[in-house]
Amino acid sequence: MERVRGQAVPRPRVIVALLLLVGLVSVLLLDGYLRSEVGGDQRVRSDASNSDVPESITDGGPFLTFENGRARTGSVADKTIVLTFDDGPDPTYTSKVLKILDDNDVPGTFFLIGSMISRYPGVVRQMVADGNEVGVHTFTHVDLSYQSASRVKREIAQTQLALAGAAGITTTLFRAPYSSTNDAIDNESWPVYKRLGAMGYTSVFIDTDSEDWQLPGVGKIIEWATPKSGKGAAVLFHDAGGDRDETLVALPRYIKKMKAKGYTFTTVSGAQRQNRQQDQQQDQQLAQQPGAGPGPQGNQDDRADPERSAHHKATGTTLWEGRALIAAVAVAEWSVPGLATGLAVVGVAVMARFGLMLVLARRHYRQRNRRRFSWGPPVYEPVSVIVPAYNEKECIANTLNSLAASTHPIEIVVVDDGSTDGTAEIAESLGLPNVRVIRQENAGKSAALNNGVRQAGYDIVVMMDGDTVFEPDTVRRLVQPFGDPEVGAVAGNAKVGNRDTVIGAWQHIEYVMGFNLDRRMYDLLRCMPTIPGAIGAFRREAVLAVGGMSEDTLAEDTDITIALHRAGRRVVYAEHARAWTEAPASIGQLWRQRYRWSYGTMQALWKHRGSVLDKGPSGRFGRVGMPLVVLFQVVTPVFAPLIDVFTVYAMIFVDFKASLLAWLAVLLVQLLCAAYAFRLDREKYRYLLMLPLQQVAYRQLMYLVLIHSSVTALTGGRLRWQKLKRTGEVGTPRAGTGAA
């Protein structure tokens with residue numbers, strides 16, 4: 001956060017990360033809304049009385065209008081068919097229906113679902129261009145009888161926007177989902193039709209239903225769609241919503257049959273025009289009779305434009321909002337399935353990694369704990385322990401006292417990096433043997449370590465943090481792998497010392513499972529990505545040969561480890577060499593630490609990207625380690641929050657029980673892996689009680705940190721070294737501390 005006049009202002013990178021999260025949630029909700037997963041109506045329509053509905057309406061024709069506030073119905077003229085289609089557009093069936101109509105020179109009236117219009121705008125454009133008519137069938141195919149007035153208005157308005165974006169038009173036609181003939185209007189739906197009538201809509205019902213949705217067979221569809229002899233009818237077919245193969249076969253046969261009987265085909269607007277013309281003729285005949293008045297006045301506005309269409313050109317805000325809706329839906333249509341596929345791949349990769357990690361960890365444990373296992377001749381030579389320190393007054397005494405109890409001969413080189421809190425003075429005042437304090441101006445941890453390496457008196461150097469304590473036999477166990485001349489560096493087993501708080505327990509689980517179990521796997525694969533700064537040992541000449549600890553990145557430990565791999569040095573893991581470190585005690589400190597780690601790791605990976613082209617043993621990290629680290633420490637965690645978002649979405653809008661069971665299954669797998677890791681490290685299982693809460697809260701925090709780091713890296717941001725506040729609560733351990 002930046003501060004402006006005392007007020008916290010989010011950094012641009014934080015804003016970008018939050019905008020990405022908001023964008024993801026918005027796209028997911030939009031896609032769910034289009035598929036009726038979000039905001040769908042679950043009520044089943046029940047039988048209701050129609051006592052409030054005028055009999056003239058229930059017995060009237062299929063076109064219901066409210067001209068001047070008065071309900072009125074209109075019928076289809078004799079020997080006329082109005083072909084209507086519901087539930088489209090469909091990318092497969094609607095286009096085929098349009099071709100049938102075009103081949104037979106017959107228009108249709110299509111009542112479209114707004115969400116489908118948004119997903120397949122091209123089909124709607126073709127529909128309108130071919131001279132067909134369109135109407136509103138709501139946006140989500142919801143029964144409006146049970147919806148609030150605002151929901152009804154929203155369903156209609158959203159469909160109109162979709163039409164405007166797809167074909168540049170709006171319409172005055174409406175058909176309610178689940179409607180049929182006029183006599184199905186009841187007290188629940190009647191207020192909705194009155195409300196829509198007041199908005200200028202013509203509600204369209206049917207005279208004859210082909211019932212093609214039942215798949216009764218081609219013959220039945222034609223039979224049921226045929227009106228009584230000589231009568232006109234509004235006939236219902238479906239061009240979407242299921243299997244419409246029978247409709248495609250029946251429709252051309254039906255058209256030919258009706259034409260052979262002398263029927264003509266028109267749209268809803270065409271049928272209404274015929275009605276108006278007949279009314280005008282009747283009015284003229286009445287006006288010519290002796291003593292007749294001027295005739296009905298209520299319909300004069302309606303008759304002023306006998307050629308009017310249900311379509312109106314969309315303009316202004318409606319047009320641009322419609323286009324924006326179509327564009328947003330296109331993004332959702334492409335991104336959500338893509339993300340789902342990507343997450344499925346990530347999920348499979350993560351589960352495969354769990355399996356590989358367990359197999360290799362078990363193999364590593366058996367191999368390294370055999371009675372006859374040996375790295376080579378025992379290492380008895382003294383080693384140099386380098387302790388870089390910057391303002392470590394709370395911890396330095398515990399650190400040095402733990403080293404003084406070492407069972408292996410050591411010299412201790414404390415490099416005070418310009419401390420201002422008396423760290424160097426505290427180190428000198430302890431009066432411990434074999435301790436040298438070297439003072440330098442503040443230059444950073446890498447410079448302090450390099451200074452210590454240059455000043456070291458022995459061929460093997462151990463590096464540790466100034467807030468870390470060793471067990472008495474830690475150094476001895478850590479340096480034994482140097483009995484193998486191929487080994488150039490050794491990673492130790494870092495433990496969380498302050499694990500009795502919630503945050504500490506979460507980090508303890510992460511260290512045991514996420515770090516040390518990983519290191520067993522990487523050890524066998526010979527591509528260890530990081531020697532932890534808290535505990536690591538190196539051949540001095542190997543460190544100098546690669547240029548020492550680099551200041552190019554904030555993850556100098558990862559940087560030097562990869563550099564050693566590229567120099568052909570072997571890096572191994574000594575699980576019995578334990579160091580106890582003080583983990584961050586607050587969310588803010590934890591965020592800063594992990595932000596630096598994540599960003600530094602990305603810097604190191606980018607710096608050594610050329611390792612993928614290295615050949616021979618020096619290229620093993622590039623061939624094996626680099627892909628694994630990039631996939632499981634960068635890519636997978638970046639996309640992992642999507643899994644949680646999808647899970648929450650599915651729990652709320654799709655299937656709570658199935659989604660919860662899936663989440664619990666994944667948690668169980670993680671629990672088994674963690675339990676096995678705890679067993680190998682001989683840790684107390686009671687801390688695993690915090691694992692479910694860790695998955696709910698801590699894991700998401702780590703994801704946000706990594707996303708923040710990724711945004712920083714992509715935007716070219718710079719990050720300074722961030723000193724964490726220490727308490728010194730991790731004291732000198734006894735040998736074997738932490739065993740279950």
Side-chain angles (χ1 to χ4, degrees), residues 382-406 408-470 474-475 531-541 543-544 546-557 559-560 579-582 589 592-593 596 600 719-732:
V383 301
S384 300
V385 180
I386 302 171
V387 185
Y390 173 69
N391 289 347
E392 299 284 3
K393 69 176 182 178
E394 295 87 358
C395 308
I396 194 65
N398 289 337
T399 298
L400 298 181
N401 284 326
S402 73
L403 291 174
S406 175
H408 193 89
I410 61 173
E411 71 159 349
I412 305 170
V413 181
V414 179
V415 183
D416 183 75
D417 187 35
S419 297
T420 59
D421 66 347
T423 296
E425 289 74 12
I426 294 174
E428 291 174 332
S429 68
L430 296 175
L432 298 175
N434 300 322
V435 174
R436 283 189 290 149
V437 178
I438 301 172
R439 290 177 169 87
Q440 67 176 38
E441 292 185 3
N442 183 255
K445 185 178 181 181
S446 295
L449 288 171
N450 286 332
N451 195 359
V453 170
R454 289 192 297 268
Q455 300 287 341
Y458 300 106
D459 294 333
I460 296 176
V461 293
V462 173
M463 299 181 187
M464 65 184 298
D465 290 335
D467 61 354
T468 301
V469 297
F470 280 6
T474 294
V475 175
I531 297 174
I535 176 170
F538 304 82
R539 293 190 189 275
R540 181 171 179 271
E541 53 87 14
V543 174
L544 295 175
V546 298
M549 310 298 287
S550 174
E551 297 182 5
D552 295 338
T553 74
L554 292 176
E556 78 289 332
D557 46 6
D559 194 345
I560 188 67
W580 298 79
T581 186
E582 182 177 335
Q589 292 182 29
R592 288 192 292 274
Q593 182 198 65
R596 174 176 59 81
L719 187 64
R720 301 186 307 274
W721 185 273
Q722 296 171 339
K723 171 68 178 174
L724 300 180
K725 182 180 179 181
R726 301 301 185 184
T727 64
E729 62 181 292
V730 179
T732 304

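Numbers here are sequence positions counted from 1.
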Minimum-distance pair of heavy atoms, taken over all atoms of Ala534 and Ala579: O-CB, 4.2 Å
Asn434 and Ile412, any side-chain heavy atoms less than 4.5 Å apart: no
Thr553: side-chain hydrogen bond (donor to acceptor under 3.5 Å, both in side chains) partners, not counting sequence neighbours: none
For Glu556 against Leu449, the heavy-atom pair lying closest together: CG-CD1, 4.4 Å
Counterpart residues, side-chain contact (heavy atoms from CB on, under 4.5 Å), relative to Pro382 (two or more places apart): Pro409, Tyr458
Any Ile438 side-chain heavy atom under 4.5 Å of Asn451 side chain: yes
Side-chain touch Leu403/Val387, heavy atoms, less than 4.5 angstrom: yes
Interatomic distance, Arg540 atom CZ to Arg454 atom CZ [nearest 0.5 angstrom]: 9.5 Å
Option among Thr474, Thr468, Val475 that satisfies the side chain to side chain contact (heavy atoms under 4.5 Å, CB included) test with Ile535: Thr474
Closest non-hydrogen atom pair between Asp552 and Ser550, with its separation: N-OG, 2.9 Å
Met463 side, atom CE; Met549 side, atom CE - distance, nearest 0.5 Å: 5.0 Å
Non-neighbouring partners of Gln455 that pass side-chain hydrogen bond (donor to acceptor under 3.5 Å, both in side chains), sequence neighbours left out: none
Exercise: identify the closest heavy-atom pair between Ile386 and Gly452: CD1-C, 3.4 Å
Residue pairs fulfilling salt bridge (Lys or Arg N to Asp or Glu O under 4.0 Å) with at least one residue in residues 417-433, sequence neighbours excluded: Glu425-Arg439, Glu428-Arg439
Residues in salt bridge (charged side-chain N to carboxylate O under 4.0 Å, His left out) contact with Arg436, at least two apart in sequence or another chain: Glu411
Approximate separation, where rounding is to 0.5 Å, of Asp559 CG and Glu551 CD: 11.0 Å
Pairing residues for Asp416 by the salt bridge (charged side-chain N to carboxylate O under 4.0 Å, His left out) criterion, not counting sequence neighbours: none
Distance, nearest 0.5 Å, that separates NZ of Lys445 from CG of Asn450: 12.0 Å
Side-chain heavy-atom pair Asp467, Thr581 within 4.5 angstrom cut-off: yes
Leu432: partners by side-chain contact (heavy atoms from CB on, under 4.5 Å), with sequence neighbours left out: Leu400, Asn401, Ala404, Leu430, Val435
Leu544 CG to Arg539 CZ distance, which is reported to the nearest 0.5 Å: 13.5 Å
Shortest non-hydrogen contact from Val461 toward Ala456: CG1-CB, 3.7 Å
Side chain to side chain, Ile531 and Phe538, heavy atoms closer than 4.5 Å: yes
Test side chain to side chain contact (heavy atoms under 4.5 Å, CB included) applied to Thr399 and Glu392, step by step: CA-CA 10 Å; Thr399 298; Glu392 299 284 3; over 6 Å; no
CD1-CG distance between Ile396 and Asn391, expressed to the nearest 0.5 angstrom: 11.0 Å
Shortest non-hydrogen contact from Ser429 toward Ile426: OG-O, 2.7 Å
With sequence neighbours excluded, residues passing side-chain hydrogen bond (donor to acceptor under 3.5 Å, both in side chains) with Glu541: Arg569
